[in-house]
**Student:** 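Quick one: the structure is below, and I'll ask about it shortly.
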Amino acid sequence: MQGMNKSGTGEIRRVSVLGSTGSIGRNTVELLAANRDAYEVQALVANRNAELLASQAIELGARLAIVADDSAYQTLKSALSGTGIDAASGPVAVEAAARLPADWIMAAIVGAAGLKPTVAALEQGTIVALANKECLVCAGRAFMACAAENGTIILPVDSEHSAIFQSLDQPLKGGLESITLTASGGPFRTWTRERMAVARPEDALRHPNWDMGSKVTIDSATMMNKGLELIEAHHLFNLDSDRIEVLVHPESIIHGMATYADGTVMAQMGVPDMRTPIAVSLAWPQRMAAPVAKLDLAEIKSLTFEKPDIKKFPAIQLARDAMAAGDQAATILNATNELAVAAFLDKKIGFLDIAGLVGERLARADFVFGEDTSSDIDSLLALDQETRHLAGEEILAKAS
Ligand SMILES: NC(=O)c1ccc[n+]([C@@H]2O[C@H](COP(=O)([O-])OP(=O)(O)OC[C@H]3O[C@@H](n4cnc5c(N)ncnc54)[C@H](OP(=O)(O)O)[C@@H]3O)[C@@H](O)[C@H]2O)c1
């Protein structure tokens with residue numbers, strides 16, 4: 001961490017954005033564009049949206065733009081011709097971009113594809129603003145160990161984890177009893193299982209409060225998102241499952257809470273807008289202005305809460321069980337879920353099949369429980385690939 005601007009002293013912070021063309025990435029680019037004097041952009045990374053990536057790189061004056069998908073390289077190269085911005089493609093180039101000297105990096109690639117590049121950034125000691133929860137779901141122990149070895153600071157970007165991070169960051173020390181992740185309940189909170197069985201992708205993509213990428217929006221509808229966040233919180237805050245609560249809060253105003261032994265509950269509130277937690281991480285340890293609407297509680301009038309219905313949303317319990325079983329089970333849960341969400345979006349399987357397939361894959365899988373010794377990142381990525389193969393066959397069988 002030597003020689004880097006981590007003190008918030010007003011020096012220019014060198015930053016890179018992995019997944020800059022996605023929902024989190026675009027919000028990050030917007031904040032960077034509004035604060036050009038404070039940030040120097042090193043690398044921007046996308047999968048294949050070369051046009052948007054090139055225009056972001058030009059707008060921010062980035063040094064380098066990379067597409068993971070080689071087939072998008074020519075488009076990127078010609079869009080950047082004459083700008084002096086370098087272009088590259090392929091997974092090796094993505095990892096190399098994550099290793100470029102920088103003070104801060106946004107990890108906002110979606111899915112397990114984000115794991116290797118994010119680990120590459122951890123190894124450089126770059127501050128990692130972590131949106132990609134799948135990194136912690138798949139390889140939580142190895143990921144946190146890598147951060148500790150390299151003295152790397154991880155700043156959570158998921159709104160719930162950012163809220164808890166802020167609720168824990170206070171002068172009074174000790175006495176933490178539990179943390180609470182709030183959940184909007186998603187678009188099907190009031191639907192019956194019968195109605196959910198025939199839900200279409202367009203129904204599930206209609207999130208009541210948050211505007212997000214399609215994968216995380218479907219995860220919100222199944223409430224697998226909250227399950228993934230439970231595993232994420234377990235690793236980030238080093239707390240066991242019984243100290244992490246989930247509370248359904250349909251207005252999405254309170255994002256997370258920390259409960260202390262003296263009865264104090266610290267909660268973070270704000271309108272549901274991802275630019276707030278992104279700004280918290282981008283300016284940390286200072287604060288910066290973000291163009292979000294002001295919270296008007298008199299206008300909102302009431303905030304409501306309910307317990308999650310785990311019969312209707314079995315994904316929450318599947319994730320709790322996988323968390324207890326260890327990284328291998330969590331990797332299987334995550335890989336099967338990624339494939340099942342894609343199959344649902346392709347209209348190959350029904351909505352309830354998503355959690356159904358995850359439960360069946362976990363029940364059939366052969367994995368080591370608890371403190372297994374094979375949970376290094378490469379073996380977990382191999383398990384991720386093997387699971388995708390098996391789950392792919394199970395999805396085909398269900399689709400036919
Ligand atoms: N959106 C939210 O509000 C929100 C909130 C909390 C947490 N998160 C988490 O943040 C992460 C990103 O979510 P999102 O909603 O921003 O996703 P998204 O809109 O689908 O964007 C994904 C980004 O990753 C890029 N990408 C995909 N595969 C890649 C690969 N193999 N190599 C390099 N780049 C790749 C995409 O590039 P292309 O555009 O070229 O495909 C895009 O830039 C997810 O882990 C999600 O769970 C999101």
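All residue numbers in this chain count up from 1 along the given sequence. Both counts, for ligands and for their atoms, begin at 1 and track the order of listing.
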**Student:** Looking at Ser71, is its backbone amide N or carbonyl O close enough to the side chain of Asp69 to form a donor-acceptor pair, meaning the two atoms are under 3.5 Å apart?
**Tutor:**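 It does hold such a pair.
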
**Student:** Do Gln166 and Ser162 have side-chain atoms, one donor and one acceptor, less than 3.5 Å apart?
**Tutor:**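 Checked: Gln166/Ser162 side chains pair up, N/O donor to acceptor below 3.5 Å.
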
**Student:** Distance-only, no hydrogens or angles: does the Gln56 side chain make a donor-acceptor pair with backbone N or O of Ser20 under 3.5 Å?
**Tutor:**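 Yes, because the side chain of Gln56 sits within donor-acceptor range (under 3.5 Å) of the backbone of Ser20.
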
**Student:** Would you indicate whether Lys307, at its atom NZ, is surrounded by more than 12 heavy atoms from other residues, nucleotides or ligands within a distance under 6.0 Å?
**Tutor:**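 No, because the 6.0 Å sphere around NZ of Lys307 holds 12 heavy atoms or fewer from other groups.
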
**Student:** Would you check, one step at a time, whether the test side chain to side chain contact (heavy atoms under 4.5 Å, CB included) holds for Glu134 with Asp384?
**Tutor:** CA-CA 11 Å; Glu134 294 89 347; Asp384 171 90; over 6 Å; no

**Student:** Are any protein N/O atoms closer than 3.5 Å to the N/O atoms of ligand 1? If there are, list each pair with names and the distance to one decimal place.
**Tutor:**
{"from": "ligand 1", "atom 1": "1 (N)", "to": "Ser23", "atom 2": "OG", "distance (Å)": "3.2"}
{"from": "ligand 1", "atom 1": "10 (O)", "to": "Ala131", "atom 2": "O", "distance (Å)": "3.4"}
{"from": "ligand 1", "atom 1": "15 (O)", "to": "Gly213", "atom 2": "N", "distance (Å)": "3.0"}
{"from": "ligand 1", "atom 1": "16 (O)", "to": "Ser23", "atom 2": "N", "distance (Å)": "3.1"}
{"from": "ligand 1", "atom 1": "16 (O)", "to": "Ile24", "atom 2": "N", "distance (Å)": "2.9"}
{"from": "ligand 1", "atom 1": "19 (O)", "to": "Ser23", "atom 2": "N", "distance (Å)": "2.9"}
{"from": "ligand 1", "atom 1": "37 (O)", "to": "Thr21", "atom 2": "OG1", "distance (Å)": "3.3"}
{"from": "ligand 1", "atom 1": "37 (O)", "to": "Asn47", "atom 2": "N", "distance (Å)": "2.9"}
{"from": "ligand 1", "atom 1": "39 (O)", "to": "Thr21", "atom 2": "OG1", "distance (Å)": "2.6"}
{"from": "ligand 1", "atom 1": "40 (O)", "to": "Asn47", "atom 2": "N", "distance (Å)": "3.0"}
{"from": "ligand 1", "atom 1": "40 (O)", "to": "Arg48", "atom 2": "N", "distance (Å)": "2.7"}
{"from": "ligand 1", "atom 1": "40 (O)", "to": "Asn49", "atom 2": "N", "distance (Å)": "2.8"}
{"from": "ligand 1", "atom 1": "43 (O)", "to": "Gly19", "atom 2": "O", "distance (Å)": "3.3"}
{"from": "ligand 1", "atom 1": "43 (O)", "to": "Thr21", "atom 2": "N", "distance (Å)": "3.3"}
{"from": "ligand 1", "atom 1": "43 (O)", "to": "Thr21", "atom 2": "OG1", "distance (Å)": "2.7"}
{"from": "ligand 1", "atom 1": "43 (O)", "to": "Gly22", "atom 2": "N", "distance (Å)": "3.0"}
{"from": "ligand 1", "atom 1": "45 (O)", "to": "Glu134", "atom 2": "OE1", "distance (Å)": "2.6"}

**Student:** Does the side chain to side chain contact (heavy atoms under 4.5 Å, CB included) test come out yes or no for Arg63 and Glu40, once each step is laid out?
**Tutor:** CA-CA 9 Å; Arg63 279 180 53 198; Glu40 188 181 292; 5.7 Å; no

